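This report concerns only the one structure given below.
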Amino acid sequence: LYIPTFYQWDNTLWNEARLPDTWYHKWQQSLLQFFSEKKDKKFIWKSLNFVSGLKDPFEELIGIKNYPNVIYASNSIKKWFPKVDSVLLDYPSTALYESAACGLPVMTFYFKRFHKIRPTAMELFGKSICPFDNISNGIKQVDKYINSDLNEYKVSIPYSKTSIINTIFE
């Protein structure tokens, strides 16, 4: 299950990193092409959650290309968790925690030029958080992930013995 994250629309500056407006679209196209070439694997491409009526361009692109091993899905990621072997994200979002809590192997990217990851998150998620700087390196990391022992990417999330309700009302 691949879960993309919609980066800030039409921005070219994140943490002082300047990139062309189209970099994210090119990243997505490169991933789609990579997935399509892995005929021995099946990929579910989760739709982006847009607001203001924007449409995910990859719904149409995946439909036009009609790759036999790539499925476009617009329903909730939670419906896919029981059906998939692993999860791949291109941003360490809430889906990272949800995937780990479900016991799924998970890997997420973070673009070093854009993000700073908390040291405690790096410690908790270990090799499941993968930095990279360019599309070519990112594709190599995806290839390494999907061809590895996925058990190495399972994360054990510690649970508190204190109820969240008690924490809120303290």
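These values consider heavy atoms only, across backbone and side chains, with no hydrogens, waters or symmetry-generated copies. For clarity, every value in this text was computed on a predicted model and none was experimentally measured.
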Nearest heavy atoms of [X] and [Y], plus distance in Å:
X	Y	value
Y67	L32	CE1-CG, 3.7 Å
I135	W23	CD1-O, 4.3 Å
I157	A100	CD1-CB, 3.7 Å
I3	I77	CD1-CG2, 3.7 Å
T108	D90	OG1-C, 4.2 Å
V87	S99	CG1-OG, 3.4 Å

What distance separates [X] [atom1] from [Y] [atom2], expressed to the nearest 0.5 Å?
X	Y	atom1	atom2	answer
K144	I139	NZ	CD1	15.0 Å
S47	E59	OG	CD	7.5 Å
K38	N69	NZ	CG	10.5 Å

Quick check on [X]: does its [atom1] atom have over 12 non-hydrogen neighbours (other residues, nucleotides or ligands) under 6.0 Å away?
X	atom1	result
K79	NZ	no
K127	NZ	yes
E123	CD	no

Quiz prompt | Under the salt bridge (charged side-chain N to carboxylate O under 4.0 Å, His left out) test, residues paired with K78 that sit two or more places apart | solution = E98
Are side-chain heavy atoms of [X] and [Y] found at a separation under 4.5 Å?
X	Y	value
L1	F81	yes
Y110	M122	yes
M107	L89	no
I146	K41	yes
P4	Q28	yes
E152	D149	yes
P158	L124	yes
S148	Y153	yes

[X] and [Y]: side-chain donor and acceptor closer than 3.5 Å?
X	Y	result
N147	D143	yes
Y72	D56	yes
Q29	Q33	no

Practice problem: Quick one: list whatever passes side-chain contact (heavy atoms from CB on, under 4.5 Å) with K140, sequence neighbours left out. | Solution: S136
Quiz item: Is it true that a side-chain atom of S128 and a backbone atom of V106 form a donor plus acceptor pair closer than 3.5 Å?
Solution: yes
Quiz item: When Y2 is tested against each of F43, W27, W80, F35 for ring-ring contact (aromatic ring centres under 6.0 Å, His included), which residue passes?
Solution: F35
Practice problem: Measure from the ring center of Y24 to the ring center of Y91 and say whether it is less than 6.0 Å. | Solution: no
Quiz item: Between L88 and Y145, does a side-chain contact (heavy atoms from CB on, under 4.5 Å) hold up when you go through it step by step?
Solution: CA-CA 9 Å; L88 176 67; Y145 172 65; 4.3 Å; yes
Self-check item: Pairs where residues 100-109 contributes a residue and the test salt bridge (Lys or Arg N to Asp or Glu O under 4.0 Å) is met, not counting sequence neighbours
Solution: none
